[in-house]
Structure formats: C-alpha cells, structure tokens
Number of protein chains: 2
Amino acid sequence: MARIKADNDLSRKEIITQAAAALFQEKGFKAASMRDLADKVGVEAASLYNHIKSKAELLHNICVNVANNFWNHIHAVENHQGNAIEKIEMLLRFHIREMVNNYQEVYVSDREWKHLTEPYLSNFHTQRREYRKKIAALIEAGIKSGEIRPIDAPTAVLIMLHAVSGIDSWHRSKQKISAEALEENMVTIMINGLRK
Amino acid sequence: MARIKADNDLSRKEIITQAAAALFQEKGFKAASMRDLADKVGVEAASLYNHIKSKAELLHNICVNVANNFWNHIHAVENHQGNAIEKIEMLLRFHIREMVNNYQEVYVSDREWKHLTEPYLSNFHTQRREYRKKIAALIEAGIKSGEIRPIDAPTAVLIMLHAVSGIDSWHRSKQKISAEALEENMVTIMINGLRK
DNA sequence: CCTACCGATCGGTAGG
DNA sequence: CCTACCGATCGGTAGG
C-alpha cells in the first residue's frame, strides 16, 4: 500500500516536472506562473504543492537531470577507444540527439539556469565550467596529435555547444528536414571546421 | 531653448535604454523590474515615465535597433562584389563584431524578443525569418558555384548564427583571448566547415 | 485536490 | 523628478 502510494506520488511529480519544462521553455522561467502550470496539469495552483516544494525546485530538478546526463556521457567519451576526432564526433552526436529528443529540458537547462537559487546556482555554474574544460581538453589532444587545426580550444567549444543549441530553431521550423539529416549536416560542418 | 530641451530628452531616453539593455541582458526581461532600472539610472521608478512610455517600449526599441542594423548590413553584403564564400565571411565577421562591441543589445534582441507584444512580435518574427532566408540564399549560391559543400542551407544558417551568439560566454570568461583572435578562430572553423 | 486567502512585488498613474 | 498610491498578479499557505 505504502509503496503504491509512493509510486503514484513519483509519477505525479514527474508529470508536473515535464509540464514545467515545456512551460519554462515556451515562456521562460520568470514569465511562467504556477497558475499556468496548474492549468497545463489540470488542477488548481494550490494542489501542485502536494507534490512539489516550490517553483524553484522544479527548475532545479530539470537542470540537475540534464547536467548529470551530460556529465555521465562525457566520462564514457573520455574512456572511449579512438582518436580525438572520433571522440569529439561522439560527443557532438550525443548533444545533437539530446537536443532533438529531450528538447525542452535541455533548452531550459541551457537558457534558464541563471534563475537557479544558491547554492544550486554556484554548483551548476562550476559543473558547467568543468564540463567545458573537459571538451576543450579533447580538442587540445586533437591539436597535439595533428588531427585538428591549431585553433583556440575554448573558442571551438563555445562554437560547438552553441551551434547545437540552435536546434531549437529546427524544432520550430516549418519544413523540417529529418533528425538524421540534421545530425549529418551538423556533424559535417562542425567536424570539417575543426579537422586539419 | 526648445531644441536644447528636446536634445536633453533624447539623450536621457538613450541613457535609460542603454541601462535597460544591460539589465535585460543580466536578469532577463521579465525578471528585470522598473525599480531595478530606476536604481541603475539613479532616479525613482516613477520618474522613468517622463522619458519612456512603458517597459515594453524599451524592449521594442532595443530589438528594432538591432534588427535594422543587421537588415541594412545584409543588403550591403548582397550588393558586394565577390564570390559566395567572401560574402558569407563578410556577414560572419559583421555578426561577430556586433556581438563583441554591441553585446548587450544584440544579446537581448536575440534572446528576449519573444517578450515583445503584438504587433511588434509578429513583425520582428517575420523580419527574422526573411533575414535567415537571405543568408540561406547566399549559402545556396555557394553550393551551386561549387565553393561550398552540398549541405542543407537552413541548417548551416542556424549553426552560423548560434555559433556567433556563443560570444556571450566569451564576454564572461576569465582568460579572454583578444577580440581579433576570437574573430579569426570563429571564421576559421565556420568557413572551413562550409568550404568544399 | 479544492476554496479561500496572505504578503510581496509588479508596471504604471495622479498630482505637484 | 518625487511622494503617494493603485489594481493586478505573483508564489505560496491554512484548513479541510
């Protein structure tokens, strides 16, 4: 009995979090009200608080989930057997697929994280900086091995990550090319831009 | 006398608009309050309304200024003598420089325009779409002439524009490379990514 | 999960 | 340019 109740609570909370991700993506965190969210879920605003603690908690959960997802993946990339270009392509394809399939959460985590409250804001910021350093290290390795042009690695990271975040425009576009074609086009442009 | 007063009003309004651009960039449009803005300018909130009509007008002015700036430039690019790669490089360098030198306004126009009110929202959206079509046409021309890889032009546009918007991270970074080095690195990666 | 309601803050106005 | 203030809306709570 207790377990079934706990399961129901969990999935209810997940439904609310998913709806919050969609809402924060559409309107932005500050412009999205808890009344908007309640409408989306189909309850009164006050009822949300039986499942969540606060609006801030919703943003926090979204950002932490996304951050951990990318954080886990880059360790797999680092341990992957292969040259630098292969590793970077692996990372790039993961980013593209996450942006395609898990659009709203990834978008919110990327664009709305500055509305996190302390200490989560500082934690997120630090992890983000570490994550980018890891990508820069992959690029540096590729420059040393002669696979990649002698460019500024942090600048290359910034181009890569932001290019991928442009997929939000793809989601909204009228005549979408397929997700596969999008991925191949992005990889072609970015990898050839880096490759010597 | 009347002229001096008019001049003072204009520059006062410009001071407020500049401060608003900085504030909207830092906090986001919705999270930035008119009391915040008044503090930044050094007056009481009510006094702002002797110079501006509304908070919405401030965002509108910022977005229209930026949009017109880019709109005028792309006509110069289209009329420029040269091959497709040269035109695209010219456009890319202009975007990079605007993002470096006119950071706050460009950033706000890029990230906060969805908070515009009608009919400005629709106008902005339409102009933005037309602008991107013009860039896609430049890329298509380069593909036809054999200068550029056979890629999906709208995807290439989206990568280019978003890569440039990543310069906001450069502004905040601790050990900044020079603006010139940033520009050369970006141009190298993007142009070689496109070039056949 | 709802009704009823709270204190805080918002954009903006009146009047001087 | 300021003091004083407004109606609306916000995130969230009490109590059932």
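This structure is a prediction, so every number in the text was calculated from the model and none was measured. Labels below follow one simple rule: chain letters A, B, ... track the order of the sequence lines, proteins then strands, and each chain is numbered from 1. Only heavy atoms go into these numbers, but all of them, side chains included; no hydrogens, no water, no symmetry mates.
- Nucleotide dG11(C) holds its P atom 12 Å from the CG atom of Asp39(B), rounded to whole Å.
- Nearer to the 5' terminus of DNA chain C, by closest-nucleotide assignment, is the contact made by Gly42(A) (compared with the other of Met34(B) and Gly42(A)).
- One can place NE2 of His51(A) at 15 Å from C1' of dG12(D), the figure rounded to the nearest angstrom.
- Shortest non-hydrogen contact noted between Gly146(A) and Lys196(A) is O-CD, 3.6 Å.
- The distance from atom CD of Glu44(A) to atom P of dA4(C) is 11 Å, rounded to the nearest whole Å.
- Nucleic acid contact for Ala32(B): sugar-phosphate only, since backbone atoms but no base atoms lie under 4.0 Å from a heavy atom of the residue.
- Within the 4.0 Å cut-off from OP1 or OP2 of dC2(D), at least one side-chain nitrogen or oxygen of Ser47(B) is found.
- dA14(D) atom P lies 13 Å from atom CG of Asn50(A), rounded to whole Å.
- Of all nucleotides present, only dA8(C) satisfies the Watson-Crick or G-U wobble test against dT9(D), with each distance under 3.5 Å.
- Applying the 4.0 Å criterion to OP1 and OP2 of dC10(D), one finds that Ser33(A) has a side-chain N or O inside that range.
- Summarising the geometry, the separation between CD1 on Ile52(B) and P on dG12(C) is reported as 7 Å, rounded to the nearest angstrom.
- Electrostatic pairing of Glu57(B) and Lys13(B) counts as a salt bridge here, judged by a charged N lying under 4.0 Å from a carboxylate O.
- Salt bridge Lys40(B)/Asp36(B): absent, no basic N to carboxylate O contact under 4.0 Å.
- Rounded to whole angstrom, the span from the NZ atom of Lys13(A) across to the P atom of dC1(C) amounts to 15 Å.
- Between Arg35(B) and Ala46(A), it is Arg35(B) whose nearest contact on DNA chain D lies nearer the 5' terminus.
- Proximity of the aromatic rings of His171(A) and Tyr107(A) is defined here by a centroid distance below 6.0 angstrom, and this criterion is not met.
- Atom CG of Leu37(B) is separated from atom C1' of dT9(C) by 16 Å (rounded to the nearest Å).
- Residue Arg93(A) is tested with Glu180(A), Glu86(A), Glu184(A) for a salt bridge (charged side-chain N to carboxylate O under 4.0 Å, His left out); the sole match is Glu184(A).
- In this structure, OH of Tyr49(B) is placed 13 Å from C1' of dC6(D), rounded to the nearest angstrom.
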